[in-house]
There are 2 protein chains.
Amino acid sequence: MEEILRQQIEKIVPLTDDEFRLVLSHFSVGNYKKHQYIVQQENPVPYVHFVVKGLLKSFYIDKSGKSHILQFAMEDWWITDNQGFYKEENATLNIDCLEDAQTYYITLENRDQLCVALLKMEFFFLQKMTAGNIALQNRILSLMSKNSEERYIQFIQLYPDLIHRIPKTLIASYLGISRETLSRLSH
Amino acid sequence: MEEILRQQIEKIVPLTDDEFRLVLSHFSVGNYKKHQYIVQQENPVPYVHFVVKGLLKSFYIDKSGKSHILQFAMEDWWITDNQGFYKEENATLNIDCLEDAQTYYITLENRDQLCVALLKMEFFFLQKMTAGNIALQNRILSLMSKNSEERYIQFIQLYPDLIHRIPKTLIASYLGISRETLSRLSH
DNA sequence: GATAATTTGTGACCTATATCACATCAATGC
DNA sequence: GCATTGATGTGATATAGGTCACAAATTATC
């Protein structure tokens with residue numbers, strides 16, 4: 001499982017065995033069961049998680065009680081409530097497991113220490129954050145310029161693996177459309 | 001004008017005079033006129049711009065020819081086409097000036113060199129990118145969970161300064177609604 | 001300061017998508 | 001293996017917001 005994390009980092013910065021041991025020593029391993037919450041609205045957000053097994057989602061519950069999915073995260077993805085984690089505030093999002101999951105997680109303090117101890121890790125996190133920004137901007141443009149069907153088609157193209165692991169109801173919630181509308185599209 | 005850039009950086013990392021001179025030496029100054037484009041769809045994106053004067057917007061033109069505003073940038077804001085700039089691809093966005101503008105701009109190469117020469121600048125860029133991520137995620141949740149009126153009210157709260165500098169037509173385009181709908185709301 | 005261009009408001013009408021309500025079917029837990 | 005819970009499809013209806021069209025008001029530009 002460590003290998004998944006190592007490969008993820010080495011896609012951006014090469015590491016010696018010693019360096020990777022140093023990296024790893026800043027993380028902990030967590031095992032979670034389907035339906036388990038790892039972040040809850042109104043509670044602190046102590047960790048960023050790197051998923052090595054399973055599938056999670058982060059979602060926001062609006063004041064009318066409707067749930068909106070911000071992100072899915074499967075193997076090789078990072079997930080947290082960014083606002084809660086980086087600003088050290090209570091969560092506005094929830095994160096729970098759609099499948100049994102295993103993650104490598106790290107605190108903000110450990111992440112900062114790791115960056116000091118191994119400078120290239122700061123570069124790694126910057127690259128990851130940049131890629132995240134680009135993806136988020138594209139999602140905004142997609143929400144503004146595409147209709148339901150176009151967004152659904154785009155989702156299938158971007159995340160073909162997810163289609164078979166996630167109920168349509170949740171894909172609808174990610175795309176910002178009702179499950180009925182998605183049902184009427186998908187054929 | 002340099003002072004605006006210095007203060008922006010020093011909100012996150014303190015700088016000596018020498019360090020700031022080093023920072024500054026990696027930037028160039030650009031002056032642009034109202035209606036001038038600084039990034040154009042299908043063209044390279046050589047710079048990130050830090051705005052010291054004036055007002056710009058970045059926008060996407062969809063296949064039906066409709067324009068969608070991704071970002072405004074006034075004094076003390078950064079703007080570029082992230083995808084084009086960081087991936088060194090041609091732009092998918094346009095950026096033009098809503099008012100005469102002045103920016104400090106930097107190439108990707110110079111940014112990377114600057115980070116090597118002055119490590120704290122990498123930390124600065126990481127913090128900025130993180131803050132950007134949080135803002136983008138909130139915008140996505142806003143698009144998914146709020147109606148037109150709520151989004152408009154939120155915009156006024158977030159950017160009270162912009163309301164008086166930007167025509168409603170453009171605010172509508174930023175909020176993802178038609179100008180007619182915004183007109184009917186705003187009173 | 002006159003002319004052109006842009007912005008704004010508003011009516012009439014249209015449409016994509018939401019909502020509500022059931023029925024069926026599949027998965028999951030004990 | 002049965003009972004509960006969740007997923008999916010589909011009809012009927014409602015509605016927020018889009019589109020088109022025009023006029024008035026405001027702002028740029030030479």
I want to verify a distance call: between D/dG17, D/dT8, C/dT10, whose nearest atom is closest to the B/Asn147 side chain?
D/dG17
Quick check for you: to the nearest 0.5 Å, what is the distance between A/Ser145 atom OG and A/Ile140 atom CD1?
11.5 Å
Between P on D/dT8 and CG on A/Leu185, what's the gap in Å once rounded to a whole number?
14 Å
For a quick test of reading the model: is some side-chain N or O of A/Ser178 closer than 4.0 Å to OP1 or OP2 of C/dT17?
no
Determine to 10° how strongly the helix from C/dG1-D/dC30 to C/dC30-D/dG1 is bent, judged from the axes of its five-pair ends.
70°
I need the single residue from A/Glu3, A/Glu2, A/Glu10 that forms a salt bridge (charged side-chain N to carboxylate O under 4.0 Å, His left out) with A/Arg6. Which is it?
A/Glu10
Is the shortest heavy-atom distance from the side chain of A/Ile4 to the side chain of A/Lys53 under 4.5 Å?
no
Just how far, in rounded Å, is C1' of D/dA7 from CD1 of A/Ile163?
15 Å
How many Å lie between CG on A/Leu170 and C1' on D/dT8, as a whole number?
13 Å
Integer-rounded Å distance: C/dT17 P and A/Lys146 NZ:
13 Å
Mark yes or no for whether A/Gln113, through its side chain, and A/Asn110, through its backbone, hold a donor-acceptor pair below 3.5 Å.
no
What is the distance from OH of A/Tyr152 to C1' of C/dA16, rounded to the nearest Å?
18 Å
Proximal nucleotide (of C/dT19, C/dT17, D/dG18) relative to the B/Thr181 side chain:
D/dG18
Could you please spell out the steps behind the salt bridge (charged side-chain N to carboxylate O under 4.0 Å, His left out) verdict for A/Glu150 and B/Lys63?
CA-CA 12 Å; A/Glu150 292 167 329; B/Lys63 54 186 195 319; 2.7 Å; yes
Can you check each nucleotide of nucleotides 21-30 of chain D against protein heavy atoms at under 4.0 Å and return B for base, S for sugar-phosphate only, - for none, in 5' to 3' order?
B------SS-
Is there any salt bridge (Lys or Arg N to Asp or Glu O under 4.0 Å) pair reaching into residues 106-118 of chain A, and which pairs are they, with sequence neighbours excluded?
none
Rounded interatomic separation in angstrom, taking CG from B/Leu143 and P from D/dA16
18 Å
CD of A/Gln36 versus P of C/dG29: gap in Å, rounded?
14 Å
From the list C/dT8, D/dA7, D/dT19, which nucleotide is the closest neighbour of the side chain of B/Lys66?
D/dT19
Please set out all donor-acceptor pairs under 3.5 angstrom arising from side-chain atoms of residues 68-84 of chain B, sequence neighbours excluded.
unit_1: B/His68; atom_1: NE2; unit_2: B/Asp62; atom_2: OD2; d: 2.8
unit_1: B/Gln71; atom_1: NE2; unit_2: B/Trp78; atom_2: O; d: 2.9
unit_1: B/Glu75; atom_1: OE1; unit_2: B/Arg165; atom_2: NH1; d: 3.0
unit_1: B/Glu75; atom_1: OE2; unit_2: B/Gly54; atom_2: N; d: 2.9
unit_1: B/Glu75; atom_1: OE2; unit_2: B/Arg165; atom_2: NH2; d: 3.2
unit_1: B/Asp76; atom_1: OD1; unit_2: B/Gln8; atom_2: NE2; d: 3.0
unit_1: B/Asp76; atom_1: OD2; unit_2: B/Lys11; atom_2: NZ; d: 2.9
unit_1: B/Trp78; atom_1: NE1; unit_2: B/Gln8; atom_2: OE1; d: 2.9
unit_1: B/Thr80; atom_1: OG1; unit_2: B/Tyr47; atom_2: O; d: 2.8
unit_1: B/Asp81; atom_1: OD1; unit_2: B/Gln83; atom_2: N; d: 3.1
unit_1: B/Asp81; atom_1: OD1; unit_2: B/Gly84; atom_2: N; d: 3.1
unit_1: B/Asp81; atom_1: OD2; unit_2: B/Thr92; atom_2: N; d: 2.9
unit_1: B/Asp81; atom_1: OD2; unit_2: B/Leu93; atom_2: N; d: 3.1
unit_1: B/Gln83; atom_1: OE1; unit_2: A/Asn138; atom_2: ND2; d: 2.9
unit_1: B/Gln83; atom_1: NE2; unit_2: B/Glu89; atom_2: OE1; d: 3.3

Considering only side-chain heavy atoms of A/Ile177, which listed nucleotide, D/dT19, D/dA7, C/dA18, is closest?
C/dA18
Nearest-Å distance, CZ (A/Arg151) to C1' (C/dT17)?
10 Å
For the side chain of B/Thr130 and the backbone of B/Leu126, is there at least one donor-acceptor N/O pair under 3.5 Å apart?
yes
Do you know which of B/Gln137, B/Gln154, B/Arg151 makes side-chain hydrogen bond (donor to acceptor under 3.5 Å, both in side chains) with B/Ser142?
B/Gln154
With clusters built from Ile, Leu, Val, Met, Phe, Trp and Tyr whose side-chain heavy atoms come within less than 4.5 Å, directly or transitively, what are the remaining members of the cluster of B/Leu119, listed by chain and number?
A/Leu119
Examine C/dT8: is either OP1 or OP2 under 4.0 Å from a nitrogen or oxygen in the side chain of B/Thr169? Give yes or no.
yes
Answer yes or no: is there an ion pair linking B/Lys120 with B/Glu19, defined by an N-O contact shorter than 4.0 Å?
yes
Can you check ring-ring contact (aromatic ring centres under 6.0 Å, His included) on B/Phe50 and B/Tyr105, steps first, answer last?
CA-CA 6 Å; B/Phe50 176 75; B/Tyr105 62 84; over 10 Å; no
What's touching nucleotides 12-14 of chain C from the protein side, N or O pairs under 3.5 Å?
unit_1: C/dA12; atom_1: N6; unit_2: B/Arg184; atom_2: NH2; d: 3.3

